[in-house]
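These figures come from a predicted structure and were not determined experimentally.
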Amino acid sequence: MNTQGIENQQNLSWSFWPILPLYPYGKRKTLCREIIKDSLWIFDQLQGILYTVVPVRMTIIKLQEGGLLVYAPVAPTPECINLVKELEQKHGEVKYIILPTSSGLEHKIFVGPFARKFPQALVYVAPHQWSIPFNLPLSWLGFPQKRTLFLSINHQNNPFGNEFEYKILDINLGKGSFQEVALLHKPSRTLLLTDTILSISEEPPEILQIDPYPLLFHARDNAQQKMIDNADNRRRGWQRIALFAIYFRPSAVKISQLGEMWKDAKKSPDRSHQAYFGFFPFKWDENWQDTFTALSGNGRPFVAPILQILILPQGGREVIEWADQIANWDFQQIISCHFDAPIKATPQQFRQAFSFLEKQPKASYQQPLLKEDVRFIEELEAGLVKRGIATPQKEKV
């Protein structure tokens with residue numbers, strides 16, 4: 001019996017995965033990278049659907065007075081907790097844990113279990129938390145009752161010390177709110193964000209390279225192709241994954257009919273459960289890489305189209321005011337909770353990413369997303385508005 005292999009698998013265990021059943025389900029690898037020596041670290045894991053997997057990220061910062069601040073916890077697997085404990089031994093205990101969103105379930109579900117591993121830490125959460133189908137107290141959702149505190153939306157009391165500044169974006173969506181806690185770490189000139197800013201590199205993230213199966217699955221052009229592991233296929237698979245993750249239904253891909261899928265599946269060289277029994281419904285246009293190039297934009301920071309179309313226009317003025325204040329901060333890099341990190345970006349580039357909300361932008365938006373690629377999300381919005389689930393977009397600011 002390979003006891004070492006069993007122990008390694010146990011180190012990756014995340015037992016609460018049925019709450020949000022995303023790939024890789026109950027086994028989650030954690031990759032820790034030191035971004036600034038003895039000061040700032042990021043912890044990447046994976047999550048996704050149908051092998052459309054992207055990084056989900058936690059950031060840890062060493063406090064000047066000693067101890068650690070945790071921004072947006074990830075799944076507290078034994079491996080993850082051991083890595084954090086190693087930092088504690090060198091730099092002091094975890095003092096603060098921050099939930100920087102009110103709506104992001106893929107971040108919220110980890111906070112309670114993570115906080116229980118560090119009973120000395122104070123847990124600060126974005127205000128106006130909500131849950132569906134019923135609004136439940138945070139203690140019912142696993143948050144430690146006596147040490148969970150709400151961040152002040154007016155920023156009257158900054159609990160993290162003079163080395164930090166924070167600003168909360170708060171948009172009322174009717175049945176809930178969209179919130180983003182932007183946190184500036186002044187000494188490292190680093191801006192921490194959750195979902196509002198993304199950057200996508202041409203090469204697959206390191207966390208996806210550990211087990212490249214999702215990359216190789218999406219690198220194929222049809223069900224009859226074998227999965228061949230090489231650098232080109234890993235890159236091709238990543239770029240297609242990114243298009244799916246951002247657009248849901250990118251314009252460069254077509255979905256086969258069920259009968260055609262069934263015929264192709266019977267000819268597949270791999271009909272295992274892992275390969276979805278040979279089913280592969282995707283057909284990519286020859287020019288699909290042009291679509292990715294327009295999306296990536298040489299790694300420029302941008303706002304995901306789901307936010308551009310469905311969410312942020314509901315509070316355009318609030319978003320612009322929030323972005324203007326953050327653009328006055330002094331930072332040189334952004335660490336977001338998804339896709340690439342760190343993102344080398346100036347305050348001006350950050351502000352420019354929100355110009356889609358303005359009638360007369362202060363700065364022109366470089367390399368906008370292709371109209372045909374956002375069409376599916378626009379159709380989704382129209383359907384939600386028609387059913388009364390969403391409200392129509394407001395006028396630009």
Side-chain angles (χ1 to χ4, degrees), residues 47-50 52-56 101 103-106 169 171 173 178-180 193-202 218 238-255 282 284-285 287-316 318-320 322-323 334 336-340 343 345 349-359 361 363-386 389-397:
Q47 65 180 26
I49 299 173
L50 299 176
T52 300
V53 291
V54 299
V56 58
T101 177
S103 54
L105 185 58
E106 75 275 20
L169 173 62
I171 301 176
L173 301 177
F178 174 86
Q179 293 189 322
E180 175 104 335
L193 297 170
T194 314
D195 298 313
T196 47
I197 289 291
L198 302 174
S199 176
I200 299 178
S201 61
E202 293 186 359
H218 282 289
W238 163 244
Q239 293 179 5
R240 291 176 172 180
I241 284 172
L243 290 171
F244 274 127
I246 292 297
Y247 293 127
F248 306 148
R249 196 178 70 191
S251 63
V253 71
K254 303 297 185 290
I255 305 300
F282 312 118
W284 290 89
D285 294 343
N287 66 341
W288 70 267
Q289 273 188 313
D290 294 338
T291 305
F292 176 81
T293 299
L295 172 65
S296 177
N298 295 316
R300 57 89 168 84
F302 70 100
V303 178
I306 190 72
L307 295 183
Q308 286 196 28
I309 295 169
L310 281 175
I311 306 297
L312 299 190
Q314 300 301 318
E318 292 91 335
V319 175
I320 293 300
W322 176 79
I334 299 171
S336 181
C337 286
H338 301 286
F339 288 95
D340 209 16
I343 308 164
Q349 288 174 308
F350 165 84
R351 177 60 180 81
Q352 189 178 55
F354 297 92
S355 61
F356 66 91
L357 290 166
E358 299 175 292
K359 293 178 182 177
S364 59
Y365 184 51
Q366 300 297 319
Q367 295 178 281
L369 303 176
L370 298 179
K371 188 70 176 175
E372 55 266 31
D373 283 308
V374 300
R375 185 170 294 121
F376 174 75
I377 298 177
E378 290 176 339
E379 292 172 355
L380 175 63
E381 181 210 21
L384 293 175
V385 170
K386 185 177 180 180
I389 299 172
T391 55
Q393 287 193 18
K394 298 180 182 178
E395 288 189 7
K396 293 189 176 184
V397 178

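Every residue two or more places apart in sequence or in another chain was checked for a salt bridge (charged side-chain N to carboxylate O under 4.0 Å, His left out) with Glu318, and none qualifies. By the side-chain contact (heavy atoms from CB on, under 4.5 Å) test, Leu50 is found to be paired with Tyr276, residues two or more places apart in sequence or in another chain being considered. Listed by chain and number, the residues in a ring pair (Phe, Tyr, Trp, His ring centres under 6.0 Å) with Trp284 are Phe244, Trp288 (sequence neighbours excluded). In terms of the side-chain contact (heavy atoms from CB on, under 4.5 Å) criterion, residue partners of Ile311 (sequence neighbours excluded) are, by chain and number, Leu173, Phe178, Leu307. Qualifying side chain to side chain donor-acceptor pair (under 3.5 Å) partners for Ser251, counting only residues two or more places apart in sequence or in other chains: Asp373. Legend: residues meeting side-chain contact (heavy atoms from CB on, under 4.5 Å) with Gln349, ordered by chain and number and at least two apart, are Pro301, Ala345, Thr346. Taking the side chain to side chain donor-acceptor pair (under 3.5 Å) definition, one finds that Gln239 meets it with Gln289, sequence neighbours left out. Scored by the salt bridge (charged side-chain N to carboxylate O under 4.0 Å, His left out) test, Arg375 finds no partners at all (sequence neighbours excluded). In this structure Val319 satisfies the side-chain contact (heavy atoms from CB on, under 4.5 Å) test together with Leu169, Ile171, Leu312, Phe354, Leu357, sequence neighbours excluded. Every residue was checked against the salt bridge (charged side-chain N to carboxylate O under 4.0 Å, His left out) condition with Glu372, not counting sequence neighbours, and none meets it. With sequence neighbours excluded, the residues satisfying salt bridge (charged side-chain N to carboxylate O under 4.0 Å, His left out) with Asp285 are Lys254.
Among residue pairs with one or both ends in residues 238-249, those qualifying as salt bridge (Lys or Arg N to Asp or Glu O under 4.0 Å) are Asp221-Arg240, Arg249-Glu379; sequence neighbours excluded.
For Ile49, the CD1 atom is loosely surrounded, since the number of other residues' heavy atoms within 6.0 Å does not exceed 12.
Here the shortest heavy-atom pairing between Arg300 and Leu295 reads NH1-O, 2.6 Å. Heavy-atom minimum distance, Gln308 versus Pro313: O-CG, 2.9 Å. The shortest non-hydrogen separation linking Ile306 to Ile377 is N-CD1, 4.0 Å.
No hydrogens or angles considered: a donor-acceptor pair under 3.5 Å links the side chains of Thr196 and Glu180.
Side-chain N or O atoms of Ser199 include one that pairs as donor or acceptor with a backbone N or O of Gly299 at under 3.5 Å. Distance alone, capped at 3.5 Å, places no donor-acceptor pair between the His338 side chain and the Val56 backbone.
The OG atom of Ser296 sits 11.5 Å away from the CG atom of Leu198 when rounded to the nearest 0.5 Å. One finds the CG atom of Leu243 at 12.0 Å from the CZ atom of Phe282 (value rounded to the nearest 0.5 Å). Note that CD1 of Ile241 and CZ of Phe292 are 11.0 Å apart. Values are rounded to the nearest 0.5 Å.
In this structure the side chain of Val53 never reaches within 4.5 angstrom of the side chain of Gln47, judged on heavy atoms.
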